Each structure stands twice: as C-alpha cells, then as structure tokens.
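Source: prediction; values computed, not measured. Residue numbering restarts at 1 for every chain, and letters A, B, ... go by the order of the sequence lines. Below, each value reflects all heavy atoms present in this structure, side chains not excepted, and no hydrogens, waters or symmetry copies.
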Amino acid sequence: MSWFKRVKEGILTRTEDKKETPDGMWYKCEECKQATPTRALEENCWVCPHCEYHKQIGSYEYFQLLFDGHEWRELDRDLISGNPLNFTDTKDYVSRIKATREKTNLNDAIRVAFGEVEGEELVVACMDFKFIGGSMGSVMGEKISRAIDFSLKYSVPLLVISKSGGARMMEGALSLMQMAKISAKLNLLSQQKIPYFSLMTDPTTGGVTASFAMLGDLNFAEPNALIGFAGPRVIKETIGKDLPEGFQRAEFLLEHGFLDFIVPRGELKAKLASLIRLFEK
Amino acid sequence: MAEPLDFEKPVFELEQKLEEVRHMAEEKHLDTTDMAAKLEEQILELKKQIYGNLTRWQRVQLSRHPERPYTLDYIQNICDEFHEFHGDRNFKDDKAIVGGLGKIGQQTVMVIGQQKGRDTKSRQYRNFGMPNPEGYRKALRLMKLAEKFGKPIICFIDTPGAFPGLEAEERGQGEAIAKNLMDMAVIEVPIICIVIGEGASGGALGIGIGNRIYQLENTWYSVISPESCSSILWRSWDHKQEAAEALKLTAEDNLELGIIDGIIPEPLGGAHQDPQEVYRNVREQIRKDIKYLKTKTPDKLVAHRIAKFSAMGVFEELPHEEHHGEATSNGSHKKASED
Ligand SMILES: [Zn+2]
C-alpha cells in the first residue's frame with residue numbers, strides 16, 4: 001500500500017470526469033425488453049433490475065465501477081497498432097484501425113489502469129469489445145505484458161477483465177504469439193507470489209480463453225457469460241447438431257470445473273477487495 | 001502416385017510423356033536417349049520454375065499433401081530407438097497427439113507431435129490431427145517427465161487446429177492449451193519445435209513454446225487457416241488464396257516477422273518427393289541445437305523462452321507530447337506523464 005499512498009497526492013491521481021447521464025434517457029433490456037431509466041441502470045452497475053441481464057460495458061465503466069472515488073491512472077495508453085503484415089481484406093488494416101480509433105475514442109481493444117479498490121491497490125487490464133470485437137493483437141499483448149511488469153515492480157495484484165472474440169486475424173501469426181507472450185510472462189507473477197485474477201465476461205472466446213483468461217490464480221465470470229475456445233457456430237457446424245441449452249455459459253463452465261465462482265457485477269468490487277486481503281502477504 | 005495438385009499438372013504431364021518415351025524405347029528397341037534427356041531437362045526446368053515461385057496458397061496445399069511425412073514418420077526415421085507412451089493419466093489417450101522417449105545417437109529425447117492419418121480409417125482414428133484437451137494434457141505430462149530426467153524435448157507441429165467439439169469444450173480445450181503455454185515456458189530442459197505441415201492457431205501453439213522454432217520450407221503457421229479467414233473476413237469460402245496472401249503464413253514470412261528461428265529446406269516439389277533428405281535435414285538441425293542448448297543452464301533456458309516470446313509483437317508508441325494533458329476519451333482522459 002505504501003507506494004501508492006506516498007505518491008498518490010502527486011502525479012498519480014487522475015480523475016476521469018464522470019460521464020453525466022442525462023435525465024430522461026431509457027434503456028431497453030436486450031433480454032427481457034423492459035425499459036429502465038439509464039441512470040438507474042448505471043446505478044445498478046449496468047445490470048437490468050428486472051432480469052439481472054448484464055449489459056455489455058467497456059473499460060471506462062469497469063474502471064468507474066471498481067476504483068475508489070472514480071480515480072485511476074491509465075498506463076501505456078499511447079500504444080497503437082502497427083501494420084506488420086500490410087494486411088488487406090475488404091479494407092486495409094491501417095484504415096480499419098484509424099476508423100475504429102476515431103469512432104470509439106480508444107487506442108486499442110484493451111486499457112490498463114492502476115488504482116484502489118476499497119483501499120487495496122490493483123492493476124486492472126480491461127478489454128473493450130467495441131474495438132474490433134475486443135480482438136487481441138500486438139498492442140493487447142504488450143499492454144498486458146507491461147501491466148505484469150508494473151505489478152511486479154510495485155507488488156500489486158493484477159486483474160484482467162476479458163471480453164473478446166479472440167486473436168486479431170489482421171496481425172496473423174503475431175496475434176497468435178500474443179497468447180504465448182502473456183502466458184509465458186504470467187510465470188513471473190507466479191514466481192513473485194503476486195495474485196493474478198481473471199474475470200471473464202460476455203463473450204470470452206478463442207485465443208483469449210486458450211491463454212491468459214484461463215490462467216488466473218482464480219478464474220471467475222459474470223453470470224451467463226459466453227466462454228469457450230471454439231465459437232458456438234463452429235462447434236455446431238462440426239458436430240452437425242444443435243447445442244444444448246446453456247452450453248459454454250459461465251454456469252456450464254463452473255459445473256465442469258473451470259471457474260472458481262460466478263460473481264454478479266454488483267458484487268464484484270467487494271469480492272475483489274476481500275480476495276486481495278485474503279492473499280495479502 | 002497421388003493426384004497431382006492443380007499447379008503441378010504440367011510437371012506430371014511431362015513426366016508421363018517421359019514414361020511413355022522410355023516404355024517405347026524398351027518395347028521397340030529404339031534409341032530415345034536424346035529425347036528422354038531433353039524431356040528430363042524440360043521437367044527440371046519446369047519444376048524449378050513452378051516450385052521456385054510458389055504462391056502462399058500453393059505452399060498451404062503442399063503442407064497438406066497426402067503423401068507428406070507425418071510425426072510418426074519423422075520419429076521412425078530420425079530416432080534410432082523409440083518407445084511411445086500413452087494417456088493423460090486423467091481421462092484418456094488422445095490419438096491425435098503422440099509422444100514418447102527415443103534416442104538420436106546417444107542422446108535420449110522426448111518427442112511429441114500431432115499425428116494425422118493416411119487413409120479414411122486412420123484419419124478418423126487420429127481425428128484428422130485435431131487434438132482434444134487430453135492430448136494437450138498428455139503432451140504436458142510427457143514434457144514434465146522429460147524435465148524431471150533432464151531430457152530435451154522435440155515437438156512436431158502438424159494440425160489443422162484443436163478439435164472444436166462439444167466434449168472438447170466440456171473438458172476445457174481452452175484451459176488445456178492455456179496451461180501448456182504457461183507451463184512449457186518454464187520447462188527446465190531445451191525445447192525444439194518444428195512445424196512439419198500445418199500450424200493452425202492455438203492448436204499448434206499448444207505444443208509450440210520452444211527455445212528454437214522452425215518451419216519446414218513448405219508449411220504454414222498462423223492464427224487461422226486461409227479458408228476460415230476467408231469465411232470470416234470476406235464472408236465466403238472463395239477467397240482462400242487472397243486470405244493466404246494476406247495472412248503471410250509461410251516459413252519465409254514468419255522468419256521475417258521474428259516468429260521462427262529458421263527454415264528447414266525440403267527437396268524440390270515438397271517433403272514427400274524425397275523424405276529421406278528431409279529426415280536428414282531435420283535430424284541434423286535437432287542434433288546441432290541440442291548440442292548448443294545443452295550448454296545452457298535450466299535458468300537460462302527458461303529466461304530465454306520467456307524473453308523470446310515477450311519480444312514478439314509489432315506496435316507503435318505515440319509520442320507522449322501528443323497526449324500530454326490532452327482530453328481524449330469521453331472528453332475526460334488525461335495522460336499521466338511522469339514515466
Ligand atoms: Zn432485463
């Protein structure tokens with residue numbers, strides 16, 4: 001705790017102004033179709049009060065939800081994609097990245113921030129699905145890698161919040177290697193006995209599941225989150241049958257032994273703080 | 001002889017012609033030496049021209065050639081002795097991954113690899129070289145066995161992908177591969193990985209964390225197959241050639257991207273044209289690397305592997321000034337500027 005406390009008053013405190021939700025806006029639940037005032041939804045951690053549906057949210061919302069006083073410091077936000085393959089499909093990769101950056105106001109599909117959760121220091125790396133489906137390319141690999149370095153340097157636990165369709169095709173084999181890069185590097189946290197928590201949210205599939213998302217000291221998920229290696233469509237095509245109800249949902253993974261627990265979003269912050277204290281040296 | 005690949009047809013036609021000429025010479029006692037020699041020369045020229053200018057898609061086709069040597073062929077021809085071990089000690093024995101201890105000269109090695117089948121029956125038996133979670137767990141078990149007794153590990157990669165099945169998901173395909181990536185990184189003996197055919201995505205990478213990584217000349221290694229890439233990005237299966245070009249998935253590409261350490265040459269026309277030559281090349285590379293890697297301490301080997309993969313990636317860093325104190329995301333972000 002000491003390091004953060006010491007420098008907190010100085011350079012570290014960055015307050016992201018609260019995004020003011022205007023009155024009179026309503027959210028229609030994707031699941032139960034019932035309407036909720038947007039402000040009430042936000043106060044309920046973007047969970048539908050009628051049916052508990054966890055609306056998909058991004059890094060900004062998670063940081064707000066987790067960090068004390070809505071204060072955090074973003075790390076390595078200046079990293080952006082290169083174009084190692086000069087990749088072009090229906091659009092060239094550089095234009096795609098540029099357009100997505102402009103549209104989303106994000107630099108890539110993950111942001112890393114440092115702050116306090118009920119007074120406990122935590123590094124959080126959180127994906128943004130709206131940035132090319134939360135896809136993992138070199139930037140995501142490097143950002144998580146540097147988050148690990150930060151955790152090591154200051155002995156602070158790491159939480160990765162996954163929400164991703166998997167590796168970013170437009171970076172070819174390099175995107176595949178990000179799985180290896182992060183997984184290999186997690187060994188350093190293990191060696192230093194610094195806890196690594198993995199939270200999987202809807203959806204977490206492909207290369208993210210087949211690497212760091214499944215490698216937490218504790219793996220947990222939001223209710224009903226889709227989590228899998230192969231996507232449901234591919235599996236359905238392979239076996240030529242419809243998939244059973246609830247297949248690849250968080251509850252299914254819990255039942256099959258791949259999650260430690262499921263945590264509703266409203267309880268996430270308190271749960272994390274408790275866990276950090278349990279693991280404290 | 002197998003059906004020629006589409007781009008190989010001109011060569012096969014000439015070879016057939018040569019066959020006929022020779023046949024004629026025998027039957028009718030004609031002297032066709034000149035004609036045959038000329039044809040042979042033509043064939044060689046054509047081969048050099050075709051195989052010297054392969055497109056990426058053509059390399060993919062060669063990597064899947066039905067006569068190409070598979071993992072067990074390499075094991076039989078490279079090892080002076082081999083004993084296969086089975087099972088993950090938990091669920092079952094996955095036939096899509098084989099492994100065991102063998103000897104290359106005086107050196108005991110653990111050899112592990114994905115295995116494809118040659119005919120309909122054996123293809124099914126091997127699940128087309130697509131492992132289930134227990135395959136990755138067997139591989140890791142064998143690697144830890146090798147580590148315990150200080151034996152170097154060789155991994156032959158040849159898979160169209162980890163199996164995307166219902167039971168595979170139930171048993172944690174993602175977790176199995178993930179654990180291999182993490183644990184292989186810290187195995188305290190040398191690991192050498194060689195892509196001998198197809199290196200498709202996480203299914204390949206699951207046995208791919210080595211101190212040395214090679215591709216044979218006509219193989220591919222990437223995040224997705226050209227066909228799947230085509231179906232996702234072009235929403236049709238018809239753009240596999242373009243997808244292969246875009247993915248830059250060949251040995252040359254990956255060498256340039258810093259993903260592999262070297263390319264092991266194949267005979268003109270592919271490994272199946274002269275397997276013995278390929279076995280020799282592979283064996284030599286392995287012997288050379290083991291000799292060198294054995295001089296490294298376990299700590300060095302592990303540190304090398306972690307550093308090797310940590311360095312992979314291409315990205316840019318915007319100049320700090322550009323964002324310094326500037327409001328960006330949501331009109332509210334400020335950049336911490338001290339580091
Ligand atoms: Zn609802």
Side-chain angles (χ1 to χ4, degrees), chain A residues 11-12 14 16-17 19 60 73-75 77-82 84-85 87-90 105-106 138-139 141-142 145 167 169 171-181 183-188 206-207 209-215 228-230 234-235 238-239 243 247-248 256-258, chain B residues 162-166 168-175 177-179 181-182 185-186 201-202 205-206 208-209 221-224 229 232-234 242-243 246-249 253-254 257 259 305-306 309-310 312-320 322-323 328-338:
Chain A
I11 47 183
L12 281 180
R14 295 289 168 197
E16 294 213 31
D17 302 329
K19 263 194 290 188
Y60 177 84
R73 171 190 155 195
E74 190 174 345
L75 306 174
R77 71 169 274 114
D78 294 331
L79 294 192
I80 59 162
S81 281
L85 269 51
F87 195 96
T88 302
D89 50 285
T90 49
N105 265 318
L106 294 164
S138 299
V139 172
E142 184 65 15
S145 176
M169 257 175 285
E171 292 187 25
L174 277 172
S175 70
L176 180 67
M177 294 306 147
Q178 303 311 305
M179 296 165 63
K181 172 171 176 165
S183 303
K185 229 173 147 169
L186 283 172
N187 284 296
L188 303 180
T209 303
S211 62
F212 52 90
M214 279 292 168
L215 294 172
F229 171 64
V234 176
I235 299 169
T238 307
I239 63 171
L243 301 171
F247 180 66
Q248 291 185 314
H256 283 89
F258 293 101
Chain B
F163 188 58
L166 193 132
E169 293 292 316
E170 275 179 357
R171 295 196 293 276
Q173 187 73 284
E175 191 273 348
I177 293 171
K179 188 161 172 51
L181 303 186
M182 186 168 176
V186 291
S201 198
L205 189 65
I209 313 301
Y221 191 13
S222 190
V223 69
I224 191 165
C229 180
I232 293 172
L233 292 182
W234 281 269
E242 285 162 85
L247 283 168
K248 305 241 180 348
L249 39 59
D253 294 326
N254 286 328
L257 288 167
I259 286 166
R305 236 175 277 130
I306 293 177
F309 284 91
S310 293
M312 290 185 191
V314 172
F315 50 86
E316 288 167 21
E317 211 152 357
L318 296 171
H320 264 12
E322 194 171 318
H323 273 293
T328 51
S329 177
N330 309 314
S332 59
H333 274 288
K334 292 185 178 101
K335 174 68 184 83
S337 55
E338 84 296 344

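Side-chain atoms of A/Lys185 and A/Ser145 form a donor-acceptor pair, as typed in the model, at a separation below 3.5 Å.
Within the 4.5 angstrom heavy-atom criterion, only side-chain atoms of B/Leu205, from C-beta onward, approach chain A. Contact of A/Leu79 with chain B is made through backbone and side chain together, with heavy-atom distances under 4.5 Å. Proximity to chain A is limited to the side chain of B/Ile224, based on heavy atoms less than 4.5 angstrom apart. The contact between B/Ile259 and chain A is made entirely by side chain atoms (from C-beta outward), counting heavy-atom distances below 4.5 Å. For a residue to count as touching a neighbouring chain, one of its non-hydrogen atoms must lie under 4.5 Å from one of that chain's; by this rule A/Thr238 touches chain B with the side chain only.
Between chain A and the options B/Ala185, B/Ala246, B/Cys229, the largest number of non-hydrogen pairs under 4.5 Å is found for B/Ala246. Taking chain B as the reference chain and counting heavy-atom pairs below 4.5 Å, the highest number among A/Val234, A/Leu186, A/Leu176, A/Thr90 is found for A/Leu176. Put simply, of B/Trp234, B/Phe315, B/Tyr221, B/Phe163, the one with the most heavy-atom pairs under 4.5 Å next to chain A is B/Phe315. When each of B/Asp253, B/Asn254, B/Leu233 is scored by its heavy-atom pairs under 4.5 Å with chain A, the top score falls to B/Leu233. Contact count versus chain B (heavy atoms, under 4.5 Å) is highest, among A/Asp89, A/Leu174, A/Thr88, A/Leu188, for A/Asp89. When each of A/Val139, A/Ile80, A/Leu243 is scored by its heavy-atom pairs under 4.5 Å with chain B, the top score falls to A/Ile80. In terms of heavy-atom pairs under 4.5 Å with chain A, the best-connected choice from B/Ala162, B/Ser201, B/Ala168, B/Gly165 is B/Ser201. Comparing B/Glu175, B/Arg171, B/Met182 by heavy-atom pairs within less than 4.5 Å of chain A, the highest count is held by B/Met182. Top candidate by heavy-atom pairs under 4.5 Å with chain B, chosen from A/Gly206, A/Ala173, A/Gly257, is A/Ala173.
The closest donor-acceptor contact from the side chain of B/Glu170 to the backbone of B/Leu166 lies at 3.5 Å or more, if one exists at all. Between the side chain of A/Gln248 and the backbone N or O of A/Ala230 there is at least one donor-acceptor pair closer than 3.5 Å. Not one N or O on the side chain of B/Gln173 forms a donor-acceptor pair closer than 3.5 Å with the backbone of B/Pro164. No donor-acceptor pair closer than 3.5 Å links the side chain of B/Glu169 to the backbone N or O of B/Gly174.
Taking the side-chain hydrogen bond (donor to acceptor under 3.5 Å, both in side chains) definition, one finds that A/Asn187 meets it with nothing, sequence neighbours left out.
Between B/Phe309 and A/Met177, some side-chain heavy-atom pair lies under the 4.5 Å cut-off. Considering only heavy atoms from C-beta on, A/Thr209 comes within 4.5 Å of A/Met214 through its side chain.
The number of heavy atoms from other shown groups lying within 6.0 Å of NZ (B/Lys248) is above 12.
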